[in-house]
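Because only heavy atoms are used, hydrogens play no part in the values below, and waters and symmetry mates are left out as well, while side chains stay in. The chains referred to below are lettered A, B, ... by the order of the sequence lines, with proteins before strands, and numbering in each begins at 1.
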Amino acid sequence: MRYTFKQLEYFVAVAECGTIAGAAEKVHVSPPSISVAIAQLEEALEVRLFVRQPSGLQLTDAGSEVLSHTRALLEKAHGLQDFSGLAKGELRGKVTLGSFITLAPLVLPEICQSFAERHPAVSIELLEGSQDQLIGYLRRGIIDLAITYEMHIPQDLWFEPLAGLPPVVMVDANHRLATMSSVDIKELEGDPYILLDLPISRDYFLSIFEKSGVSPNVRMKTTHFEVVRSMVANGIGVSIGVVRPVNNAALDGKPIVSVPISNPLPVLNIGVLSRRSDFSQLASALKKQIQQLVTPSHVPGMTPL
DNA sequence: GTCCGAGATTTCCTTGTGGG
DNA sequence: CCCACAAGGAAATCTCGGAC
């Protein structure tokens, strides 16, 4: 064998980043090391893996073919490393967990802490994103699992629901609805609405209005959940959310009131999204840990339902 | 046409490791 | 201990696209 695993790892990094510089940063070596490794790998395999372009490197058809074989090979190699740990009664290695961006600050600390206590030799890498980003990360093998919502799950991935979260209306403490025990969506008609403008998520929130025959008065759009909460807390508008952080205040300290919705709306399930196959020991262990922590009666970081 | 910046590659050097 | 080799970093150089 005239190539090395290190060359293969650098090859995958370049394929994923699209540039030598990006790959170098990713694997923590200098660009020349990557460049040399790719050249050596191409020589060893006697195949052109990349087309060099001014903006970076683009995979050739042969390179794409080699990439899928390389990923499978590295996956098996990592599996062997996991197995060596298992033989000694412990898991070791690296697992990458994705999280829907609004859930991350609430659920990840407890998951990471408990998993680290149980499997100290395993390192967890985290990657947050919107639903479509997480789906892409899973398909490309960048993450092993994702904790997210049951929204637009494609056929090639597998979602396991763990808890159902009913949507609630968020208003500021002085809002006329703040003291209500529940609210009808129709009562939001005319109120300025702050929209969490993430792909797929925005469709979910707008569909709540659509089902109630109300058109929302969208005043502002933002891709950051904490910005939504700050706008609401400062009385700039109202919003709808499904996460209810234990801390019911925005980052500036102003309180947010969550009011249940009286309309019959389906709960939004939170759960684990994964590939249907290609499941490592580490991913299984992490999934098991998440299943134990996220239950219908307890979601880390959130007030009990 | 010239300049500038981004990115890749080459050259040379240092460091670490394994074999004799 | 010495030597050979591999890996990786720093600096220099090359290539190309975009701006003026």
Side-chain angles (χ1 to χ4, degrees), chain A residues 1-99 101 104 112 116 119-130 132-144 146 197-199 222-224 278 280-283:
Chain A
M1 196 168 68
R2 293 179 295 154
Y3 58 86
T4 66
F5 274 97
K6 195 167 283 294
Q7 288 167 354
L8 295 179
E9 285 178 346
Y10 291 178
F11 165 57
V12 172
V14 173
E16 287 175 354
C17 296
T19 64
I20 296 272
E25 194 173 344
K26 184 174 182 178
V27 300
H28 309 296
V29 297
S30 67
S33 301
I34 301 286
S35 180
V36 169
I38 297 301
Q40 289 171 338
L41 186 59
E42 287 181 323
E43 192 180 337
L45 299 179
E46 297 179 343
V47 65
R48 195 74 166 165
L49 300 170
F50 295 101
V51 177
R52 273 69 170 172
Q53 293 181 329
S55 56
L57 280 72
Q58 190 175 10
L59 273 173
T60 60
D61 290 344
S64 298
E65 185 73 19
V66 172
L67 179 63
S68 64
H69 286 292
T70 300
R71 281 198 170 122
L73 189 59
L74 290 175
E75 186 74 27
K76 284 190 189 302
H78 289 140
L80 183 63
Q81 201 167 6
D82 297 348
F83 179 78
S84 68
L86 274 177
K88 289 187 286 185
E90 66 170 4
L91 284 176
R92 57 177 61 245
K94 185 192 83 176
V95 63
T96 306
L97 175 62
S99 173
I101 195 149
C112 290
H119 304 289
V122 179
S123 66
I124 304 184
E125 288 197 359
L126 304 174
L127 195 57
E128 301 80 30
S130 62
D132 59 339
Q133 284 177 319
L134 293 174
I135 289 168
Y137 293 155
L138 272 170
R139 283 176 170 159
R140 282 179 277 152
I142 295 172
I143 59 176
D144 298 292
D197 195 19
L198 292 173
T222 172
T223 56
H224 294 272
D278 181 23
S280 71
Q281 296 274 1
L282 291 179

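Regarding A/Gln40, its CD atom lies at a distance of 17 Å from the P atom of B/dA8, rounded to whole Å. Atom P of nucleotide C/dT15 and atom CG of A/Leu57 are separated by 16 Å, given to the nearest angstrom. Protein atom OH of A/Tyr10 is 8 Å distant from nucleotide atom C1' of C/dG8, rounded to whole Å. Between the CD atom of A/Glu9 and the P atom of C/dG8 there is a distance of 10 Å, rounded to whole Å. One atom, CD1 of A/Ile34, and another, P of C/dG8, lie 8 Å apart when rounded to the nearest Å. Taking atom CD1 of A/Ile20 as the reference point, atom P of C/dT13 lies 21 Å away to the nearest angstrom. Here the C1' atom of nucleotide C/dA7 and the CG atom of A/Leu41 are 16 Å apart, to the nearest Å. Whole-Å rounding puts the A/Phe50 CZ to C/dT15 C1' distance at 19 Å.
Evaluation of the side-chain contact (heavy atoms from CB on, under 4.5 Å) rule for A/Ala116 yields no partner, not counting sequence neighbours. Qualifying side-chain hydrogen bond (donor to acceptor under 3.5 Å, both in side chains) partners for A/Glu128, counting only residues two or more places apart in sequence or in other chains: none.
With respect to A/Ile124, the side chain to side chain contact (heavy atoms under 4.5 Å, CB included) criterion is satisfied by exactly one of A/Asp144, A/Leu97, A/Leu282: A/Leu97.
Here A/Ser33 does not reach the OP1 or OP2 of C/dG8: none of its side-chain N or O atoms lies under 4.0 Å away.
For the pair A/His69 and A/Glu65, the tightest heavy-atom approach, listed with the atom from each and the gap, is CD2-O, 3.1 Å.
Distance from the side chain of A/Lys6 is smallest to C/dA7 among B/dT10, C/dA7, B/dA8.
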